[in-house]
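Worksheet for the structure shown next.
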Amino acid sequence: MYNFNEIQEKWQKYWDEKETFKTSNESDKEKYYILVEFPYPSGSGLHVGHVRSYTALDAMARMMRMQGYNVLFPMGWDAFGSPAEQYAIKNKVYPANMVKDCIQTFKGQMKGLGFSFDWSREFATTDPEYYKWTQWQFLKFYEAGLAYKDEKEINWCPNCLTGLSNEDAEGGVCERCGAKTEKKLKEQWMLRMSDYSERLLEGLKETDFMDKIKTAQINWIGKSEGAIVHFELEDAEDKLSVFTTRPDTLYGVTFMVMSPEHKYLEKYKDRIKNIDEINKYQEYAKSKTEIERTDLTKEKTGVKIDGLRCINPLNGESIEIWISDYVLANYGTGAIMAVPAHDERDYEFAKKFGIKIIPVIEGGDIEKEAYIGEGKMINSGVLNGLTDKKTSIEKIISYLEEKGFGEKKTNYRLQDWIFSRQRFWGEPIPMVYCEKCGWVPLPYEELPLILPDVPSYEPTENGESPLANVHDWVNTTCPKCGEHARRETDTMPNWAGSSWYWLRYTDPNNDKEFASMNALKYWGMVDYYNGGMEHATRHLLYARFWHEFLYDQGLVPTKEPFKKRVAHGMILGENGEKMSKSKGNVVNPDDMVKEYGSDALRTYEMFIGDYEKDAAWNENGLKGCKRFLDKVYRLKEKVVDGNNYSEDLEILINQTIKKVENDIKTMNYNTAVSALMILSNKYEEKENITKADYKVLIHLLNPIAPHITEELNELIGEKTPLCETEFPKYDENKTVESTVKIAVSINGKLRATFDANLDEDKGMLLNKAKELENIQRHLEGKEIIKEIVVPNKIVNIVVK
RNA sequence: GCAGGUGUGGCGGAAUUGGCAGACGCACUAGACUUAGGAUCUAGCGGAGAAAUCCAUGGGGGUUCAAGUCCCUUCACCUGCACCA
């Protein structure tokens, strides 16, 4: 019937040669910026999952272009990172070569699928012309005091021999290889992301992200309000400060707990009589992995510190101090006040070690469990008698502040971003260390600091980047004093390059700035940003942080980078499981294109189900979509001349235009395809259709199946390709039928239907309903109690 | 434990937001055309029933003339966070 390969090639060539999708930064049209996460160009090629999200946004981009928007729909490559490096280690090849090959493959596949990217704006994060600006921006962070080097206990992957950020070591497991992570003390570059906690939270209000993405970010930032309380140490200068969200229970404190890493343990080691026991516990805590330590089912452990006590500022009582690993070093102050009567964890600890429990809120039974509800305050000095938690908290905080015992405090779970990786394949951090001057930033003129090739890509055993072995490169002179200095050998994390790439697309060839302010202002916020759910608390948070920083520096015009963020569901294997080589359920898009054509694959992936939900692959479904396209092709035989819609199709056509346009904008692609199927089914019932009828069908289908529809458009004698033609418009008045079907029910049960004119009055509808045979039968011998008439919809008669 | 989400035929999924549940597609069944069918066409397709009709949107309860949709309750599964003080 037709050769889809020829059709694809023909139109792909046409778009390439005509530069159909090249976008200008100067236009009278309204701008629209559609962005889909750029892929990591791995060796395995494009995944059918990529095809889903790319087609979805491609359809949106194609439609909006035809509707007169100036659409920016770019593509590039996030090419630094582990897979290329792993491959390089194994095969002893320069990762850049491998990356180049992979990009070629990906790009070929994308073109083969007919995505309308503006290829003139393509770049890779590994291009020196690009990472020059990543380094440049790092220096801006440094200048602003937001990049600092700190010896930190970091998440360490013993397999990859590298440090990981908290986001990359979620659940105590290495994101890359799945190994259990350890804690390791190491000097690391850090970015002060925690300074932006509140802003990142507030900024969400300016966005239109999906709720689950917002919630994930809100949880991750983890804001909690409470107070810092200072407990004086007995016979010592220092105070033991704790963060608590329940300062109202301060009178119920019966012990304190420090994390095993608390600095006072070292500072006061000479005073602590059982220091050996304490050290032993510290060792024990360290030996545990994150998973073991946070295992909620395990029993509480801990050691009482002998020789160090503190004083409750409210009542002057002497309080014992313990150490336990249920208190985390990196949250709050690394120490807590324990109120066993009203906190489950403290209760468990107190029960195990026989510590006294003082209730300060009435309710519950402290013999059985900690009472966490509200109630009347008791044993609580100034708070006695209060029953409202909020009032109690406010009152005690102002009391603490007045006396200098503490202050109101908001805490965030979000930590600073660990920005160093002990890896080769990443952006070099443009810093040098001079014995005399300390850490010195590279002057901006010296950027890019090119990543040199190395003899071996393996990280060293002591956890240094392979760059440390490139002596020519490492040894340099200090930009400040000219003396001998050494370059930083750690590289940036994979997330660096993707933290600003959407800005570069606006002005990709600029060698004076990362993007001109004019270009940034013209394109503004990304209107529609699509990506995976797995990035909700990583890439998306890093990117927002980075962008907000640039905004503070006056380098970008908007506070937030993305207006709307959507996430696509995964394409699962035919067995409903995640596609993986080991499960043997991977579907290669190339094979599908070869067998059914790009348009069929695109159509199927749009039709597969709710865009946001996971969906299992089913090749029969793909066949069905191929059949649909074949049907559309065959309908060409029914076309007769005519510049107007057939009279009996007019309403349906207008309805379909409305539905398809709306569905593509709101990402309800499955129902858009379904509407087009309904329309073509209708066409098929007819002897003939007009050219106008046919053209509207192929035009509406064009964003989803661009090749075959362009071809058909040409075959019916049209000179201008669809992509250069205005998208069909609908007439609202013609989306409603002049007659409607009215349902008639008795006691809410459907008994009959009849046709009525649109907007017929209630009395008429009721009369007509009552005349129906089946209705009369049901009314016989019954008493009518109530009659409800909803115009254009339903008549319901209630009888007894 | 906390937060978010989902639950509708054999399957993927619709349902204009309270108004005819199951659109559209797949699979399946029967038939037509055919040398052939992974093509095409016709008919059927939630369950029970000859039919009238009854039952049916995870379970139970409620509001309403009317509930997949709203409220309460319960169960199951998925995702994220999790000894965060």
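Residue numbers begin at 1 in each chain, while the letters A, B, ... track the order of the sequences.
Looking at every heavy atom in both residues, A:M337 comes nearest to A:V242 through N-CG1, 3.7 Å. In plain terms, the two heavy atoms of A:V660 and A:L700 that are nearest each other are CG1-O, 4.0 Å. Considering all non-hydrogen atoms of both residues, A:C625 and A:Y604 come closest at SG-CA, 3.5 Å.
Contact check, A:Y331 against B:A85: a side-chain N or O comes under 4.0 Å of OP1 or OP2. Of the side-chain N and O atoms in A:R777, one or more sit less than 4.0 angstrom from OP1 or OP2 of B:U53. For B:A52, the OP1/OP2 oxygens have no side-chain nitrogen or oxygen of A:N774 closer than 4.0 Å. Proximity of A:R413 to the phosphate of B:A82: a side-chain N or O atom is located under 4.0 Å from OP1 or OP2. An OP1 or OP2 oxygen of B:A39 is reached within less than 4.0 angstrom by a side-chain nitrogen or oxygen of A:R627.
Sorted by residue number, the members of residues 222-230 of chain A with any non-hydrogen atom under 4.0 Å from RNA chain B read A:S224. Contacts between residues 249-257 of chain A and RNA chain B, counted as heavy-atom distances below 4.0 Å, involve no residue at all.
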With the sugar-phosphate defined as primed atoms, P, OP1 and OP2, and the base as all remaining atoms, what B/S/- string results for nucleotides 9-17 of chain B, 5' to 3', for protein heavy atoms under 4.0 Å? ---BSS---
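Using C1' as the reference atom, B:G22 and B:G68 are 11 Å apart when rounded to the nearest Å. Of the C1' atoms belonging to B:A50 and B:U57, the separation is 29 Å, rounded to the nearest Å. Annotation: B:C26 and B:G13 have their C1' atoms spaced 11 Å apart (nearest Å). Taking the P atoms as reference points, B:G46 lies 15 Å from B:G25, given to the whole Å. Using P as the reference atom, B:C20 and B:U69 are 14 Å apart when rounded to the nearest Å.
Note: OH (A:Y596) to C1' (B:A39) measures 14 Å, nearest angstrom. Taking atom CD of residue A:E344 and atom C1' of nucleotide B:C2, one finds them 11 Å apart after rounding to whole Å. Atom pair A:L629:CG and B:C24:C1' shows a separation of 15 Å (rounding to whole Å applied). Between the CG atom of A:N681 and the P atom of B:G25 there is a distance of 5 Å, rounded to whole Å. One interatomic measurement links the two molecules: CD1 of A:I323 to C1' of B:A85, which rounds to 17 Å at whole-angstrom precision. Straight-line distance from the CG atom of A:L750 to the P atom of B:A52: 13 Å, rounded to whole Å. Summarising the geometry, the separation between CD on A:Q217 and P on B:G4 is reported as 16 Å, rounded to the nearest angstrom. Rounding to whole angstrom units, CZ of residue A:F754 and P of B:C20 are separated by 14 Å.
Among residues two or more places apart in sequence or in another chain, the side-chain hydrogen bond (donor to acceptor under 3.5 Å, both in side chains) test is passed with A:E760 by A:K768.
A:E574 comes within 4.0 angstrom of nothing in the nucleic acid, heavy atoms only. Using a 4.0 Å heavy-atom distance criterion, A:K741 is classed as a base contact. A:G332 comes within 4.0 angstrom of no nucleic acid atom, judged by non-hydrogen atoms across all strands. Residue A:H778 is classed as a sugar-phosphate contact, given heavy-atom separations below 4.0 Å to backbone atoms only. Using a 4.0 Å heavy-atom cutoff across all strands shown, A:D346 reaches no nucleic acid atom at all.
Closest to the A:T245 side chain, of the nucleotides B:A85, B:C83, B:A3, is B:A85. Residue A:I336 places its side chain closer to B:A85 than to any other of B:U53, B:G25, B:A85. When distances run from any side-chain atom of A:T215 to the nucleotides B:C24, B:A27, B:G4, the shortest one goes to B:G4. With distances taken from any side-chain atom of A:R634 to the nucleotides B:A85, B:G25, B:C41, the minimum falls on B:C41. Listed candidates were B:A82, B:G19, B:A3. Nearest to the side chain of A:N219 is B:A3.
No donor-acceptor contact under 3.5 angstrom links the side chains of A:N662 and A:Y730, judged on distance only. A:T739 and A:D755 form no side-chain donor-acceptor contact under 3.5 Å, judged by distance and modelled atom types alone. Inspection of the A:D630 and A:Y2 side chains reveals an N or O donor paired with an N or O acceptor under 3.5 Å. With no hydrogens or angles considered, a side-chain donor-acceptor pair links A:N681 and A:K631 at under 3.5 Å.
Judged by Watson-Crick or G-U wobble contacts below 3.5 Å, the nucleotide B:A36 has no partner.
Environment of NZ in A:K770: crowded, with over 12 heavy atoms of neighbouring residues, nucleotides or ligands closer than 6.0 Å.
B:U6: glycosidic angle beyond 90° from 0, hence anti. The glycosidic torsion of B:G9 lies within 90° of 0, placing the base in the syn range.
With the nearest nucleotide of RNA chain B identified for both A:T753 and A:R246, A:T753 has the one nearer the 5' end.
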Restricting both atoms to N or O, compile the protein contacts to nucleotides 30-34 of chain B shorter than 3.5 Å, with distance only.
none

Can you give me the N/O atom pairs linking the protein to nucleotides 65-73 of chain B at distances under 3.5 Å, or say none if there are none?
unit_1, atom_1, unit_2, atom_2, d
B:C65, OP1, A:K786, NZ, 3.1
B:C65, O2', A:N796, ND2, 3.0
B:C65, O2, A:N796, ND2, 2.7

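If you look at A:Y284 and A:Y281, their ring centroids are closer than 6.0 Å.
Counting heavy atoms from C-beta on, the side chains of A:S224 and A:Y331 come closer than 4.5 Å. At a threshold of 4.5 Å between non-hydrogen side-chain atoms, the residues A:T656 and A:L697 do not count as touching.
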